[in-house]
Amino acid sequence: MSWLNPPIEKVIERAGNKYILCSLVSKRAKELLLNKGEFFKDHQRVKPVEYASREYFNEYYTVAKQNKD
């Protein structure tokens, strides 16, 4: 997995901005390390942040936006 596919611009566009993307991906990467730690030990070339980014881009998870009303 690589940031080249999908391009980072498309991932940022989907998230709305870089800050949201960073928050989403880092939280998901922590979850992955807690729940799938053995996977990352066995597949050291796959990084949790890359895995989380790919999941977000492929819509395996989304974020519910709150209204400020």
Side-chain angles (χ1 to χ4, degrees):
M1 285 190 268
S2 169
W3 277 105
L4 299 176
N5 188 14
I8 186 66
E9 293 81 19
K10 289 185 178 185
V11 181
I12 292 171
E13 181 180 313
R14 187 173 183 297
N17 65 51
K18 293 176 187 177
Y19 177 78
I20 293 172
L21 178 64
C22 181
S23 296
L24 294 173
V25 170
S26 64
K27 287 180 182 182
R28 179 61 180 147
K30 287 179 186 178
E31 288 177 358
L32 289 168
L33 281 173
L34 291 174
N35 298 325
K36 293 186 174 186
E38 290 299 317
F39 172 81
F40 293 105
K41 286 181 184 176
D42 295 340
H43 301 90
Q44 292 183 358
R45 293 187 63 172
V46 178
K47 305 297 181 205
V49 171
E50 291 178 76
Y51 195 92
S53 299
R54 178 67 56 113
E55 282 185 343
Y56 180 69
F57 185 76
N58 291 326
E59 299 181 3
Y60 293 142
Y61 66 94
T62 59
V63 176
K65 295 182 181 180
Q66 294 180 339
N67 292 332
K68 294 184 179 184
D69 296 335

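Quick note: numbers below take in every heavy atom, side chains included, and nothing from hydrogens, waters or symmetry partners.
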Trainee: Atom CD in Glu55, atom CG in Leu24: separation rounded to 0.5 Å?
Mentor: 12.0 Å
Trainee: Which residues satisfy the salt bridge (charged side-chain N to carboxylate O under 4.0 Å, His left out) test with Glu38, sequence neighbours excluded?
Mentor: Lys41
Trainee: So which atom in Ala15 and which in Ile20 form the shortest heavy-atom distance, rounded to 0.1 Å?
Mentor: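 The answer is O-CG2, 3.8 Å.
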Trainee: Check this for me, if you would: do Arg28 and Glu31 make a salt bridge, where the nitrogen-to-carboxylate-oxygen distance has to be below 4.0 angstrom?
Mentor: yes
Trainee: Provide the closest heavy-atom pair for Val25 versus Ser53 in the form atom of the first, atom of the second, distance.
Mentor: CG1-OG, 3.5 Å
Trainee: Look up atom CZ in Arg45 and atom CD in Glu50, then write down how far apart they are to the nearest 0.5 Å.
Mentor: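 Taking CZ in Arg45 and CD in Glu50, the distance rounds to 10.0 Å.
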Trainee: Considering residues at least two apart in sequence or located in another chain, which fulfil the ring-ring contact (aromatic ring centres under 6.0 Å, His included) criterion with Tyr56?
Mentor: Tyr61
Trainee: Quick one: pull up CG in Leu33 and CZ in Phe40 and give me the separation to the nearest 0.5 Å.
Mentor: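 The CZ atom of Phe40 is 6.0 Å from CG of Leu33, to the nearest 0.5 Å.
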Trainee: Using modelled atom types only, decide if a donor and an acceptor are shared between the side chain of Asn17 and the backbone of Tyr19 within a distance under 3.5 Å.
Mentor: yes
Trainee: Ignoring hydrogens, what is the shortest heavy-atom contact between Arg14 and Phe57? Give both atom names and the distance.
Mentor: NE-O, 3.8 Å
Trainee: Quick one: do Leu32 and Phe39 satisfy side chain to side chain contact (heavy atoms under 4.5 Å, CB included)? Show the steps, please.
Mentor: CA-CA 9 Å; Leu32 289 168; Phe39 172 81; over 6 Å; no
Trainee: Of all heavy-atom pairs between Ala29 and Ala52, which one has the smallest distance, and what is that distance?
Mentor: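 Between these two residues, the closest heavy atoms are N-CB, 3.9 Å.
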